[in-house]
Amino acid sequence: METRTALVTGAAQGLGQEFAVALAGRGYRVAGLDLAPQPQTAGKILDYMELTADVTDESQVCRQLERVIDRFGTLHVVVNNAGVYPAKPFEDTSVEEWRRIMRVNLEAPFLVAKAALPYLKAAGWGRIVNIASAAVLTAPPTMVPYVASKMGLIGFTRSLAAALAPYDITVNAIAPSMVRTATAERTVGADGGFAHVRDRQAVRRTQEPSDLVSTLLYVVDEGSGFLTGQTLNVSGGSAFL
């Protein structure tokens with residue numbers, strides 16, 4: 001079997017790092033794209049390509065994907081993981097903050113998917129995975145722009161899946177609860193914010209990055225070609241309480 005290549009955005013830490021390591025463990029060559037340095041991720045993966053770019057900049061994204069092809073020759077999996085989720089009362093949210101959240105959480109997956117599409121088509125097989133959020137169902141009142149952006153990402157996932165199905169490229173989304181990462185701790189606080197979310201889950205513990213790995217590997221598996229346009233809610237039951 002041909003060695004597969006995967007691109008993970010936001011791979012410097014947290015969930016993106018966990019995904020990159022898991023894909024490498026499954027035999028993928030992995031490229032990680034992030035604005036931040038990625039020494040910890042690179043230290044965990046033997047054949048790892050570190051890419052530095054702003055996912056909201058089309059020219060930067062295209063250049064970095066060209067580097068992936070120059071090194072690995074092909075691309076099969078794209079994981080749109082990079083995102084921002086500031087918490088703030090709606091009336092205090094500026095237009096600039098709204099636009100930034102939309103650009104990172106919704107426009108960037110569009111740019112990355114569009115830039116990757118010629119290579120996925122050339123490979124004759126592909127998987128695009130967008131990281132959404134169970135917040136689209138729980139609707140926290142202090143995260144209005146974030147919820148709107150992730151709901152848009154789900155719509156993008158569904159429609160793009162229909163567009164790319166003829167090319168044997170699936171497009172799915174994974175919607176986690178609040179995952180314990182450094183970014184989440186800075187956003188909601190290391191204790192109180194997680195406790196608030198935990199109390200509204202059927203599974204009464206804080207979600208860890210490792211809780212999403214099996215779902216990602218299922219979605220990108222070659223045997224999952226009949227799964228497309230779906231959003232898999234992996235949130236400890238928070239969306240049905």
Side-chain angles (χ1 to χ4, degrees), residues 1-83 103-105 107-131 157 160 163-164 167-174 181 183 209-210 212-213 215-225:
M1 182 181 294
E2 178 186 13
T3 301
R4 305 297 193 191
T5 302
L7 172 75
V8 180
T9 69
Q13 60 181 347
L15 193 53
Q17 181 180 110
E18 194 81 24
F19 286 161
V21 171
L23 288 165
R26 190 54 66 92
Y28 283 83
R29 299 169 301 191
V30 180
L33 192 154
D34 207 306
L35 265 179
Q38 306 169 48
Q40 291 186 347
T41 309
K44 296 174 181 285
I45 300 173
L46 182 61
D47 194 7
Y48 185 70
M49 185 176 190
E50 181 175 340
L51 307 171
T52 303
D54 180 348
V55 289
T56 68
D57 186 309
E58 183 177 13
S59 61
Q60 290 186 34
V61 169
C62 289
R63 283 196 300 270
Q64 296 308 312
L65 278 169
E66 288 171 0
R67 290 185 59 209
V68 174
I69 300 305
D70 287 344
R71 175 166 169 178
F72 294 135
T74 189
L75 180 65
H76 302 87
V77 170
V78 173
V79 182
N80 282 310
N81 167 73
R103 288 190 68 199
V104 176
N105 293 354
E107 186 175 325
F110 158 76
L111 294 176
V112 173
K114 189 170 184 289
L117 184 55
Y119 308 122
L120 299 177
K121 284 184 175 180
W125 178 94
R127 302 282 185 261
I128 297 175
V129 185
N130 299 317
I131 305 305
T157 297
L160 187 62
L164 301 189
Y167 307 105
D168 200 15
I169 299 170
T170 67
V171 188
N172 291 288
I174 300 173
T181 65
T183 302
S210 58
L212 280 301
V213 165
T215 304
L216 175 73
L217 295 178
Y218 162 61
V219 170
V220 303
D221 191 85
E222 192 162 352
S224 297

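In this structure, L35 CG and L51 CG are separated by 12.0 Å, a value rounded to the nearest 0.5 Å. Distance CG/L65 to NZ/K114: 12.0 Å, rounded to 0.5 Å. Rounding to the nearest 0.5 angstrom, the gap separating the CE atom in M49 from the CG atom in D70 is 7.5 Å. To the nearest 0.5 Å, atom CG of residue L164 and atom CG of residue L120 are 8.0 Å apart.
Of all heavy-atom pairs between V213 and A22, the closest is CG1-CB, 3.6 Å. Residues A82 and N105 approach most closely at O-OD1, 4.5 Å, considering heavy atoms. T9 approaches N81 most closely through the heavy-atom pair OG1-N, 2.9 Å. When all heavy atoms of T3 and T74 are compared, the closest pair comes out as O-CG2, 4.4 Å. Of all heavy-atom pairs spanning A6 and L23, the tightest one is CB-CD1, 3.8 Å. Heavy-atom minimum distance, L75 versus A116: CD2-CB, 3.8 Å.
For the pair L117 and I169, the minimum side-chain heavy-atom distance is below 4.5 Å. Within the 4.5 Å cutoff, no side-chain heavy atoms of V77 are placed close to those of R4.
T170 contributes no side-chain N or O that, together with a main-chain N or O of G225, makes up a donor-acceptor pair within less than 3.5 Å.
For residues 58-80, the ring-ring contact (aromatic ring centres under 6.0 Å, His included) pairs, not counting sequence neighbours, are H76-W125. Sorted by first then second residue, the side-chain hydrogen bond (donor to acceptor under 3.5 Å, both in side chains) pairs that include residues 17-27, not counting sequence neighbours, are Q17-T41. Sorted by first and then second residue, the pairs that involve residues 27-38 and meet side-chain hydrogen bond (donor to acceptor under 3.5 Å, both in side chains), not counting sequence neighbours, are T5-R29, Q38-Y48.
With sequence neighbours excluded, no residue forms a side-chain hydrogen bond (donor to acceptor under 3.5 Å, both in side chains) with R63. Remark: S59 engages D57 in a side-chain hydrogen bond (donor to acceptor under 3.5 Å, both in side chains) (not counting sequence neighbours). Listed by chain and residue number, D54, R103 satisfy the side-chain hydrogen bond (donor to acceptor under 3.5 Å, both in side chains) test with T56 (two or more places apart in sequence, or in another chain).
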When you look at L212 and F19, which way does the side chain to side chain contact (heavy atoms under 4.5 Å, CB included) test go after all the steps? CA-CA 8 Å; L212 280 301; F19 286 161; 3.7 Å; yes
Kindly indicate, with the supporting measurements, whether the criterion side chain to side chain contact (heavy atoms under 4.5 Å, CB included) is fulfilled by F110 and E58. CA-CA 10 Å; F110 158 76; E58 183 177 13; over 6 Å; no
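Just one of D221, I131, V129 meets the side chain to side chain contact (heavy atoms under 4.5 Å, CB included) condition when paired with L216; it is V129. Of the options L160, N80, V78, V55, a side chain to side chain contact (heavy atoms under 4.5 Å, CB included) to P109 is made by N80 and by none of the others.
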